[in-house]
Each structure stands twice: as C-alpha cells, then as structure tokens.
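Scroll down for the structure; my scribbles are underneath it.
As the structure is a computational prediction, the values presented were derived from the model and not from experiment.
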Amino acid sequence: MKERKLVGRSVARREDPRLLSGRGRFVDDIALPGMLHAQFVRSTVARGEIASVDLSAVRHVPGVVAAFTAEDLELGDITAQLGRPLSEYVPTAMPVLARDTVRYVGEPVAIVVARDAYAAEDGLEAAKVSYTTLPPVTSEEAALAPGAPLVHDEAARNTLVDVSLFATDGIDEIFASAPCVVHIESRTGRQNALPLETRGVVAHWDDREEQLVLQTCTQVPHQVRTVASRSLRLHERAVRVVVPDMGGGFGQKCVVGREEIAAAAAALRLRRPVKWIEDRKDALSASFLAREQHYQVRAAFGTDGRILGLDADVVCDMGAYSCYPFTAGIEPLMASAEMPGVYKVPAYRVRGRAITANKAPTAPYRGVSRPQYVMVVERLFERAARELGLDPVEIRRRNVITDFPYTGVNLITYDPGSYLESLNLCERLVQDEGWYEKQAAAAAEGRHLGIGYACFSERTGYGSTAFAQRKMQVVPGFDISEVRMDTSGAVTVTTGTMSHGQSHETTMAQIVADELGLDIAKVRLHQGDTDRITYGWGTFASRSISVGGSAVRLAAAKLGGKLRAIAAARWGIDADEVELTDGAARRRDDTSEVLTYEDIADIAYLRAHLLPKDIEPGLAATATFDVFTDGTFSNATHGVVVELHQGTGQVEILRYVCVEDCGVAINPQVVEGQCRGGIAQGIAGALFEQVTYDDLGEPSATSFMDYKVPTAHEIPEVLIHHLETPSAFTETGAKGAGEGGTIGAPAAVLNAVNDALRPTGVELDHTPVTPETVHRALNPEAAS
C-alpha cells in the first residue's frame with residue numbers, strides 16, 4: 001500500500017463551507033417552472049376493506065389540479081423477494097396506493113396534486129373514504145394467537161419469515177449438564193430513525209431526454225430507478241434518479257418508498273413537475289419504522305465462566321409489509337447469523353421469525369438488530385458473572401475471540417480485530433478516571449451510581465457473498481467507481497455509494513489524492529446520479545468506505561498506472577521507474593525530470609498523436625470492488641457511568657467512554673463524528689424513544705410532544721480512543737464505522753443502569769428504560 005499522506009488525517013470536511021453557509025441544495029429547495037405539490041390521503045384505520053374512495057369534492061377545491069387513486073394510476077406493486085421456500089419466507093406485495101385493503105394507519109390511499117402545498121392539504125380534507133373496519137393485529141401476541149386475523153391472507157399465523165439457521169448437535173445435553181444456565185427475555189421499543197430531513201421527491205418529465213427525472217433524498221438511487229421503471233412500466237433508461245444534498249437517512253431511506261413512485265406517476269400523467277415533502281406527522285407515524293423485537297435467549301456457562309452454548313428465539317415485528325429490497329428477513333436473519341458476536345460460542349441454536357402486524361412497515365435502521373442482540377448477549381454475561389461470582393469484565397475476557405482469523409459456530413469467519421485490547425483499555429480508562437471510587441463514595445451517601453460495559457463487533461463490508469447467503473433475489477455487494485482527469489489535471493471521481501452526512505466528498509477525495517499524489521482541492525466527487533454513475537448499491541451497512549472506497553482506490557490506481565505509462569513513454573523508460581507525487585510524474589532516478597499532470601493531460605487529450613499505439617487517448621479508469629469473504633469486522637468496547645435519581649427516576653449519564661477499531665480511519669474526525677452520532681441514537685433507544693399502538697392500531701407518536709427524543713442536555717461528552725487493526729480484505733485497510741456507536745450504546749447503558757440498581761434486587765431487560773420504571777425500582781413502597 002502506498003505511503004499515506006492524507007489518509008489517516010483529520011482533513012477539514014469539504015462539505016462544511018457549503019452546508020454551514022446555507023448553500024446546500026436539498027429536495028425541498030428545488031423549484032421548477034409550473035411545479036405542483038402533492039400530499040396523500042391516508043388510511044384512518046389500521047385494518048379494513050376500502051368500500052369507496054370519493055375524490056369528486058377534492059377536484060373542486062381551489063388550487064387542486066388532480067387527484068388519483070390506485071385504479072387511476074394502475075401502478076405495479078413493490079414486492080421484495082427471498083429465494084427461500086414458502087415455509088421460510090412469504091412474499092407480500094406492497095401496492096403503491098392501497099387498492100382494496102388498508103393495513104395500517106397512514107397507509108397512502110390516494111394522491112392529491114395542487115398548485116401549492118396548502119391547497120393540497122385542503123384537498124385531503126375533502127376526500128371521502130369509506131372503510132369496512134376489521135379488528136387489527138397490533139402486537140406479537142395477537143399476531144401469533146391461534147385463529148388471529150391475518151394481515152395478509154397468504155401469511156399463515158401472520159408470519160413472513162421463520163428460519164432456523166443453526167442448531168448444534170447435542171445442544172440440549174449441553175444445557176442439561178451445564179453448571180450455570182442464565183436466561184434473558186428482552187423487548188425493545190419500536191423506533192423512528194428521525195432524519196433531520198424527511199423524505200421527499202421532485203419528479204418531472206424531461207422532453208429533450210425523454211426521461212422521467214426523480215430528484216429525491218434516498219440512500220439507494222439505483223434501486224429507486226429500478227422500482228420506478230418497473231412500477232411505471234418504463235424502460236430503465238427512461239428513468240433518472242438524482243440525489244441532491246441529503247439531511248440524514250440512517251437506513252430509513254435505504255429502501256424504496258411508495259410515495260416517491262406515486263408522485264412520479266402523477267408527474268408522468270400530468271407532464272408537470274410534482275413535489276412531495278413528507279411532513280413530520282407522517283414521518284413519525286406512517287414512514288418506515290424499526291426495532292420492535294422480542295428475544296428469549298439462554299446461555300450455558302461452566303464454573304470458570306466460559307460459555308458453553310447459546311440458545312435463542314427471536315421475533316421481529318416488521319409491520320404491514322416487507323421493505324424493498326431487503327425484505328422482512330433483514331432483522332431476524334441478521335440477528336440469527338451474527339448473535340455470537342465477539343465471543344467464542346461452541347454451540348448455538350437459533351430460530352428467527354418476522355411477523356406482520358397492522359403497523360407502519362419497518363426498514364433497516366442504524367445497526368439492524370445488532371443493538372438488540374448485543375444488548376441481550378451482554379445482559380447474559382452480566383447475569384452469569386453475578387451467579388458465578390465473577391467480575392463482569394473478567395468473564396468477558398475469558399470468552400472474547402483472541403486468535404484470528406476465527407471461524408465461529410455461526411460459520412462466519414472473523415478477520416483480525418482488537419476485542420480483548422479494546423475491552424482492557426476501556427476498563428482502564430474508566431478506572432483511571434476514578435469512577436469505581438466515586439461509585440463507592442456515592443453508595444455511602446445513598447446515591448445510585450452504576451458502571452456498565454458492552455463489548456461487540458460490527459460486521460461491515462458486506463459483499464455479494466454475504467448478501468447471497470441470505471438468499472436475497474436482489475443481491476447487493478459490489479461497487480463501481482470511475483476516476484477521470486481533465487486537461488487541467490483536476491480529477492472527478494464517481495461512487496455508487498450515497499452520502500447523507502458521512503463526508504464522502506472529503507474521505508473519497510483523501511483516498512484519490514493519496515493514490516495519485518494530488519492536491520485534495522483538485523479532486524471532486526460525483527454521487528447520487530443514475531445517469532452519471534454506472535451502477536451502485538448506495539449506502540447502508542457501513543459499506544461506503546470499505547466497499548465504495550476500495551473501488552475508488554482501485555480506479556485511482558488504474559489511472560495512476562496510465563499516467564506513469566505516458567510519462568515513461570515520453571522518457572523512454574519503464575513505467576515502474578516513474579513515481580507520482582505533488583501533482584506530477586517524476587523519474588525515480590532523476591527527480592528533476594518532471595511532467596506535470598497538465599502536461600500529461602495535454603498529450604492524452606490534445607496531442608494524442610504523441611501517444612504510443614498501445615495507449616488509448618484520454619485519462620479515465622473504471623474499477624469494481626467486491627468482498628468475497630464474510631466481510632470485515634470493526635469492534636469496540638463502550639463503558640458507561642450513570643446515576644439514577646431516586647426522586648424522579650431520571651437516568652443521568654455521567655461518563656461515556658468508547659474504544660473503537662474500524663481498521664484504517666480515513667479521517668479520524670469523521671469517524672469520531674460517526675461514533676458520537678451513533679451513540680446519541682443508541683442512548684435514545686435505551687432511554688427515550690418508542691412508538692406504541694393502541695388496540696385500534698393508532699400510533700401513539702404523531703408529534704415530538706409524544707415522541708421523546710434526547711437533546712444535547714441528555715447526551716454526554718464522549719471520550720473516544722482509536723485502535724487500528726487494518727483489514728486485509730479492503731483496498732484501504734478500512735472497515736466500516738457507521739453503526740458501531742448505535743450498536744454498543746443500549747447494552748452499555750442498560751448494564752450501567754442495572755449495576756446502579758443492584759442494591760434493590762431489581763433487574764431491567766427491556767428498553768426504553770423510562771423514569772417511571774426506574775422510580776418504581778428505587779421506590780418500591782411508592783409503587784405498592
């Protein structure tokens with residue numbers, strides 16, 4: 001690997017001047033001549049048959065231009081597929097607009113298009129939809145009960161996925177003879193990813209290009225193009241998806257939504273631009289949600305604290321439909337495949353199920369099941385430590401993987417990491433700050449301080465091989481990049497990933513600039529345009545730098561090879577005698593011999609007759625990259641100190657320590673930003689956020705009055721310490737860094753809360769941990 005000059009440095013974010021000075025361009029900033037505005041008539045019942053949809057009054061509302069139902073638009077359904085038998089996976093078609101049946105409150109039934117957003121809202125009020133209301137399914141227990149109503153007729157027992165991936169022979173005997181068996185039952189609340197920018201799209205027909213253009217905020221532009229073209233029955237060439245600046249996604253925007261397709265259909269029908277911007281009420285209640293999961297897990301341990309077996313039953317409430325392209329299998333398959341995590345588990349059995357219910361559908365959200373199963377496994381180790389009389393950090397030391405590569409009982413091979421090193425360092429940092437002494441002093445004063453840890457890995461760099469193991473019909477994985485130099489010696493690089501706040505314009509440029517020996521100011525990134533980018537799978541699963549960055553480096557290396565070849569031909573030497581530094585090609589044996597990149601570009605483009613016959617004109621190179629192993633594994637240990645306030649039940653986080661290893665950190669400042677943002681979202685899931693439903697399927701949270709989110713006041717300062725174990729499976733040595741903060745936070749916070757509760761004898765295994773729950777634990781006399 002080349003000597004790193006920019007990679008590994010906290011280069012200033014190149015996006016910031018534009019974004020911080022208000023010069024960013026988001027979907028809602030787009031205004032086109034003659035543009036119309038759309039809003040959706042949404043179901044007011046959780047489950048029912050549509051008796052009638054009357055839009056006649058809507059069309060007479062001042063400012064309303066048109067209103068369409070599913071029957072008017074005749075769109076193809078969105079159906080996500082797994083290549084599994086019906087006994088394991090039941091596909092369900094999601095209509096763009098509901099036709100005969102509604103399956104959750106907020107499901108789009110019709111689209112109203114008006115001259116402005118206010119008129120569109122007025123049009124919604126004039127819509128008359130009649131339903132034959134049916135009893136909804138609003139919980140796991142209701143969904144799985146004998147004789148329960150079916151959300152989809154084809155999904156018996158309301159089960160979309162039922163897969164048992166692993167079952168070690170003799171595991172029942174292991175549990176029967178184990179000296180120590182501990183059990184955890186855990187439920188996690190349904191959450192909203194809450195990107196600052198809600199979903200939205202501006203769609204218009206381009207007569208000159210004969211294209212339907214969708215300017216939308218999505219993490220997966222090429223997948224939106226595919227679904228739009230199929231639903232609208234257009235050639236894929238006739239659909240262009242462009243993503244401007246994007247204010248967050250966190251997974252909610254890595255699936256294809258219905259509203260974007262309906263707005264595009266309206267624009268195609270009317271031949272006028274149509275804008276749809278999701279309001280916060282719809283974003284909270286009717287957009288893709290996440291997280292609601294139920295775990296029943298037991299673990300067997302020897303007297304020395306070493307784990308002997310793990311036995312798990314996982315149920316994920318996926319809402320009304322499978323998301324495209326990941327399907328309802330995304331949560332249970334992730335949990336089933338990766339639950340053993342950083343520990344040497346010799347025997348493993350797991351059953352993973354996805355149920356359907358009359359709630360808004362779910363999509364991947366930062367971490368995808370890992371915050372949940374890590375929390376459960378870490379609680380098992382805490383409970384085993386208590387029953388065996390061991391220190392909770394020591395029991396982890398005895399079980400973490402230390403020899404690499406390591407192939408686990410889950411048949412996944414882990415690349416080298418620093419599991420033990422991160423655990424030891426995190427504990428030492430907490431000790432060195434004196435928190436154990438402060439905890440003892442607080443106890444003497446009757447205060448409740450707790451210290452908790454979470455040690456975990458984050459599987460990143462999923463390639464085609466890893467996704468194919470899930471038997472996805474649409475198999476993500478590879479990425480493609482083109483790097484081209486113009487006649488001024490400046491470089492444009494394309495990537496199939498899509499930034500929604502991760503600083504791709506900076507980190508990708510660092511990779512290219514290092515590879516070509518170029519000033520970073522001369523590198524520009526293009527992303528999020530399906531006409532400019534050959535193909536891309538977008539951004540999710542912490543793949544942008546590990547996979548996308550690897551493709552960028554390979555393409556830059558190819559271009560570098562051509563620059564050396566042209567210079568070598570001019571000097572009559574071999575190409576390996578040429579080095580690229582400071583924006584020029586130089587002879588290794590005589591650095592006074594210099595051809596600037598402008599000189600080489602002049603030859604490649606403007607005087608191509610000087611090129612040798614075996615070198616084509618132009619300066620461009622394309623490369624692809626895929627990970628053909630089980631992926632890369634970042635790892636971390638989080639340590640948390642909390643105080644529980646007896647009078648209010650509030651959980652105050654006094655200290656947060658994160659020791660993380662994501663391989664080569666392309667830009668440490670960016671990595672730290674990812675850690676801090678992820679930790680904030682993990683704390684939110686542990687202590688604050690939850691969407692609940694009443695018996696009629698009405699969501700509880702339709703505004704921030706009802707959906708509690710943390711503010712800067714509740715999120716502590718985070719101490720971050722970096723370790724670096726370069727990956728052998730990526731071109732940059734980098735592993736993913738996007739989700740680790742969210743994965744570790746719930747487990748570390750919950751363990752700290754339980755440590756503080758230890759004198760009460762109460763243990764909490766569900767999240768969010770509310771002040772009411774803590775108050776009851778600290779004040780049992782008040783609860784009675």
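The environment of Asp403 atom CG is sparse: at most 12 non-hydrogen atoms of other residues, nucleotides or ligands sit within 6.0 angstrom. Within 6.0 Å of the CZ atom in Arg230, the count of heavy atoms belonging to other residues, nucleotides or ligands does not exceed 12. Other residues, nucleotides and ligands place no more than 12 heavy atoms under 6.0 Å from the CD atom of Glu210. More than 12 heavy-atom neighbours from other residues, nucleotides or ligands sit within 6.0 angstrom of CZ on Arg676. No more than 12 heavy atoms of other residues, nucleotides or ligands lie within 6.0 Å of CZ in Arg524, so this atom counts as exposed by the packing criterion. More than 12 heavy atoms of other residues, nucleotides or ligands sit less than 6.0 Å from atom CD of Glu236.
Comment: Arg459 engages Glu338 in a salt bridge, judged by a side-chain N to carboxylate O separation of less than 4.0 angstrom. Under a 4.0 Å N-O distance rule, the pair Glu505/Arg14 does not qualify as a salt bridge. A salt bridge links Arg18 with Asp245; the closest basic N to acidic carboxylate O contact falls under 4.0 Å. Ionic pairing of Asp590 and Arg587 is not present here: no N-O contact between side-chain nitrogen and carboxylate oxygen is shorter than 4.0 angstrom. Salt bridge present: Arg240 and Asp529 bring a charged side-chain N and a carboxylate O closer than 4.0 Å.
Side-chain N or O atoms of Arg543 include none that pairs as donor or acceptor with a backbone N or O of Gly548 at under 3.5 Å. In terms of modelled atom types and a separation under 3.5 Å, the side chain of Arg366 and the main chain of Ala193 share no donor-acceptor contact. In this structure a side-chain-to-backbone donor-acceptor pair under 3.5 Å is present from Lys562 to Gly618. Side chain of Thr742 to backbone of Gly678: a donor-acceptor contact under 3.5 angstrom is found. With hydrogens and angles ignored, the 3.5 Å screen pairs no side-chain donor or acceptor of Ser503 with any backbone N or O of Thr506. Without hydrogens or angle criteria, Asp602 side chain to Leu606 main chain gives no donor-acceptor distance under 3.5 Å. Here the side chain of Ser550 pairs no donor or acceptor atom with the backbone of Phe625 at under 3.5 angstrom. Remark: the backbone N or O of Leu554 is not paired with any side-chain donor or acceptor of Glu731 at under 3.5 angstrom. When atom types are taken as modelled, the side chain of Arg9 and the backbone of Leu6 share no donor-acceptor pair closer than 3.5 angstrom. No donor-acceptor pair under 3.5 Å is formed between the side chain of Gln81 and the backbone N or O of Gln473.
The structure places OG1 of Thr725 at 7.0 Å from CD of Glu421, a figure rounded to the nearest 0.5 Å. For the atom pair Leu333 CG and Ser369 OG, the distance stands at 9.0 Å (nearest 0.5 Å). We find the CG-CD1 distance between Asp514 and Ile520 to be 8.5 Å, quoted to the nearest 0.5 Å. Rounding to the nearest 0.5 Å gives a distance of 7.5 Å between CG of Asp415 and OG1 of Thr460. With values rounded to the nearest 0.5 angstrom, Thr216 atom OG1 is found 8.5 Å from Lys253 atom NZ.
Between Tyr406 and Tyr414, the angle of the ring planes lies from 30° to 60°, which puts this pair in the tilted group. The aromatic rings of Tyr535 and His222 lie tilted to each other, with the angle between the two planes from 30° to 60°.
The closest side-chain heavy-atom distance from Ile666 to Ile511 is below 4.5 Å. Counting only heavy atoms from C-beta outward, the side chains of Pro244 and Phe26 never approach each other to under 4.5 Å. Counting heavy atoms from C-beta outward, Thr622 and Lys558 have side chains that stay 4.5 Å or more apart. Thr327 has its side chain out of reach of Met472: every pair of non-hydrogen atoms, C-beta onward, lies at least 4.5 Å apart. When side chains are defined from C-beta on, His722 does not count as touching Asp661, because their heavy atoms never get closer than 4.5 Å. Counting only heavy atoms from C-beta outward, the side chains of His638 and Tyr656 approach each other to under 4.5 Å. At a threshold of 4.5 Å between non-hydrogen side-chain atoms, the residues Phe326 and Phe540 count as touching.
Counting only N and O atoms by type, the side chains of Gln219 and Thr539 include no donor and acceptor under 3.5 Å apart. Defined by atom type and a distance below 3.5 Å, a donor-acceptor pair is missing between the side-chain atoms of Ser727 and Thr632. A donor-acceptor pair shorter than 3.5 Å can be found between the side chains of Gln510 and Asn667.
Across His526 and Ile533, no two heavy atoms sit closer than the pair O-CD1, 3.6 Å. In plain terms, the two heavy atoms of Ser542 and Glu739 that are nearest each other are OG-OE1, 3.0 Å. Taking both residues in full, the closest heavy atoms of Gly200 and Val27 are given as C-CG1, 3.8 Å, listed atom of the first, atom of the second, then distance. The two residues Thr218 and Met498 make their nearest non-hydrogen contact at O-CG, 3.4 Å. When all heavy atoms are compared, the tightest approach of Ser546 to Thr730 is O-CG2, 3.5 Å. Heavy-atom minimum distance, Glu197 versus Gly247: OE1-N, 2.8 Å.
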(request) Apply the test side chain to side chain donor-acceptor pair (under 3.5 Å) to residues Glu660 and Asn635: give CA-CA distance (whole Å), side-chain angles for both, the deciding distance (0.1 Å), then the verdict. (result) CA-CA 6 Å; Glu660 67 81 36; Asn635 67 271; over 6 Å; no

(message) For Thr494 and Arg532: C-alpha separation, side-chain torsions, deciding distance, then whether side chain to side chain donor-acceptor pair (under 3.5 Å) applies.
(response) CA-CA 8 Å; Thr494 69; Arg532 283 184 168 182; over 6 Å; no

(message) Does Glu579 form a salt bridge (Lys or Arg N to Asp or Glu O under 4.0 Å) with Arg586? I'd like the steps, not just the answer.
(response) CA-CA 5 Å; Glu579 62 180 1; Arg586 304 171 193 275; 6.0 Å; no

(request) Assess whether salt bridge (Lys or Arg N to Asp or Glu O under 4.0 Å) is satisfied between Glu577 and Arg588, documenting all intermediate values. (result) CA-CA 6 Å; Glu577 297 179 58; Arg588 294 183 189 277; over 6 Å; no

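For Phe404 and Tyr419, the distance between ring centers is under 6.0 angstrom.
A ring pair (Phe, Tyr, Trp, His ring centres under 6.0 Å) with Phe467 is found for one member of Trp537, Tyr462, Phe478, Phe628 and no other, namely Tyr462.
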